[in-house]
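Each remark here refers to the structure printed beneath this line.
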Number of protein chains: 2
Amino acid sequence: MTTARPRGRPRNYDPEQVLESALRAFWKGGYSGTSLDTLAAATGLNRPSLYAGLGDKRTIYIKAMRRFQDYAREHFGAALQARPEDTSFVDVVARYLHAAINVDGPHESIGVSGCAVISTATAEALTDPEIRQVLDNVLEEMDHQLLARLREAQAQGELPPNTDIEAMGFLLSSTAHSIGIRSRAGHTKRDMEKMVDSLARALCPVK
Amino acid sequence: MTTARPRGRPRNYDPEQVLESALRAFWKGGYSGTSLDTLAAATGLNRPSLYAGLGDKRTIYIKAMRRFQDYAREHFGAALQARPEDTSFVDVVARYLHAAINVDGPHESIGVSGCAVISTATAEALTDPEIRQVLDNVLEEMDHQLLARLREAQAQGELPPNTDIEAMGFLLSSTAHSIGIRSRAGHTKRDMEKMVDSLARALCPVK
DNA sequence: ATTATTTTGTACCGTTTCGCATAAAAAGCG
DNA sequence: CGCTTTTTATGCGAAACGGTACAAAATAAT
């Protein structure tokens with residue numbers, strides 16, 4: 001059984017795929033630097049279809065950023081999950097940093113690098129309150145996701161009771177932000193992978 | 001004695017002041033988001049004078065970013081200088097973080113916030129190799145400035161011999177990067193000032 | 001005073017930008 | 001088969017964009 005076909009002419013595109021293409025276009029060229037023509041070429045749609053399907057440029061951008069945020073949340077969440085083979089919380093921190101490299105580092109296959117939101121929303125944040133809010137929401141969610149896990153770790157005894165959870169969370173999220181910026185500047189995965197273990201040890205009060 | 005006047009009609013503006021105004025315009029609106037008209041209005045010059053005096057848009061942008069880089073280098077350098085009242089290296093680290101807040105945090109008087117380069121060059125980095133290089137140069141200089149000071153500290157016994165200097169430098173510069181991003185997202189100086197001491201302690205192996 | 005030189009300001013050029021109006025196309029419904 | 005509904009595609013239009021031509025203005029040199 002298939003869902004009942006809607007009334008008129010059927011859509012000629014997959015909305016998910018179009019949003020993903022739009023994300024990649026903005027990810028590469030930024031908000032102001034990506035025109036509707038570029039967006040149309042990237043998605044395969046023409047401008048009126050784009051507009052009818054996703055809204056105006058700003059709306060498409062914000063939807064694309066939300067999509068990236070979903071993707072990032074998922075990966076960071078998975079990295080923070082405890083695993084049987086973890087010998088200390090250093091392993092969890094290292095996994096988080098690897099996730100940051102995978103999420104915010106170079107994506108060779110699609111020719112982009114950096115956190116899509118941080119790399120593009122910062123430029124607009126002071127002139128567009130809604131985009132600033134998207135950026136702030138991403139930062140806040142990253143901090144929150146980390147702090148929740150760090151508190152749990154402290155409660156479970158994975159981290160010493162005197163650990164400054166807030167400072168540690170700030171440093172971890174900051175490192176993730178910076179990994180995105182560094183890769184945007186051309187740094188490779190290998191450049192950053194080789195730092196992960198020493199960073200994890202330096203970040204973790206558990207020696 | 002004054003310098004011999006050049007031949008033709010004298011300039012009606014101070015090049016330093018114009019470049020500073022251009023910096024503030026790009027700082028606020030980003031590269032793609034700032035038009036030559038906006039730039040002309042901000043500097044008080046008209047477009048032809050701007051072009052004759054500073055070059056085309058990209059050239060003006062790059063000169064403005066270099067100006068910001070000079071400003072940042074100076075402040076970070078001053079913060080890293082040893083002071084008689086320092087009781088431990090934690091004080092130096094805290095001073096560096098305060099400098100990051102002053103340089104990359106909100107500048108209420110001129111209505112901008114964030115590191116001018118990171119906040120605006122990241123959006124262009126993947127499509128403009130020269131701008132990417134400006135960004136990379138800033139990141140590299142921050143790391144270099146920090147590492148030089150950390151090595152010195154280790155040599156002077158301010159830091160334990162087993163300190164992982166590279167990791168510590170990476171974390172410190174990353175924190176500075178992130179402070180710029182957070183303030184771009186709307187975080188206030190006070191939000192971040194209140195974290196400085198705990199961050200400095202968490203970053204410093206000297207407890 | 002005249003000339004040479006440089007800066008200034010208006011006005012313009014061709015292109016790009018975003019958004020939409022409008023008609024053709026593709027489907028279901030009666 | 002017509003009729004309605006929805007999507008597609010061409011293409012328009014007003015505005016904004018980066019850049020420059022050109023003449024007027026301001027100064028030094030002769």
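Numbered from 1 within each chain, the chains take letters A, B, ... in sequence-line order.
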| said: Between A:E124 and A:R132, does any NZ, NE, NH1 or NH2 come within less than 4.0 Å of an OD or OE carboxylate oxygen? | reply: no
Give the rounded distance in Å between these two atoms: [atom1] of [X] and [atom2] of [N].
X	N	atom1	atom2	value
B:I60	D:dG18	CD1	P	10 Å
A:R47	D:dG11	CZ	P	12 Å
A:L36	D:dT10	CG	P	17 Å
B:L39	D:dC17	CG	P	12 Å
B:R9	D:dA24	CZ	P	13 Å

| said: Going 5' to 3' along DNA chain C, which are the first and last nucleotides with any atom under 4.0 Å from a heavy atom of chain A? | reply: C:dT17 to C:dC29
| task | Using a 4.0 Å heavy-atom cut-off across all strands, classify A:P48 as base, sugar-phosphate, or nothing. | result | base
| query | Within the structure shown, what part of the strands sits under 4.0 Å from A:N12 by heavy-atom distance: base, sugar-phosphate, or nothing? | reply | sugar-phosphate
Under 3.5 Å, is there a donor on one side chain and an acceptor on the other for [X] and [Y]?
X	Y	result
A:S174	B:R182	yes
B:S35	B:T38	yes
B:D136	A:H187	yes
A:Y61	A:T120	yes

| task | Using heavy atoms to find the nearest nucleotide of DNA chain D for B:R58 and B:R7 separately, return the residue whose nucleotide is more 5′. | result | B:R58
| Which residue, A:S49 or B:T38, contacts DNA chain D at a nucleotide closer to its 5' end, judged by nearest heavy atom? | A:S49
| field | From D:dG19, D:dT7, D:dA26, nucleotide with atom closest to A:R11 side chain | value | D:dT7
| request: Kindly say if B:Y51 contacts the phosphate of D:dT20, meaning a side-chain N or O under 4.0 Å from OP1 or OP2. | output: yes
| message | If you assign A:D37 and B:N46 each to the DNA chain C nucleotide with the nearest heavy atom, which residue ends up on the more 5' nucleotide? | response | B:N46
| query | Is the shortest heavy-atom distance from the side chain of B:L126 to the side chain of A:S113 under 4.5 Å? | reply | yes
| request: May I ask you to decide if B:A79's main-chain N or O and B:R95's side chain share a donor-acceptor pair within less than 3.5 Å? | output: yes
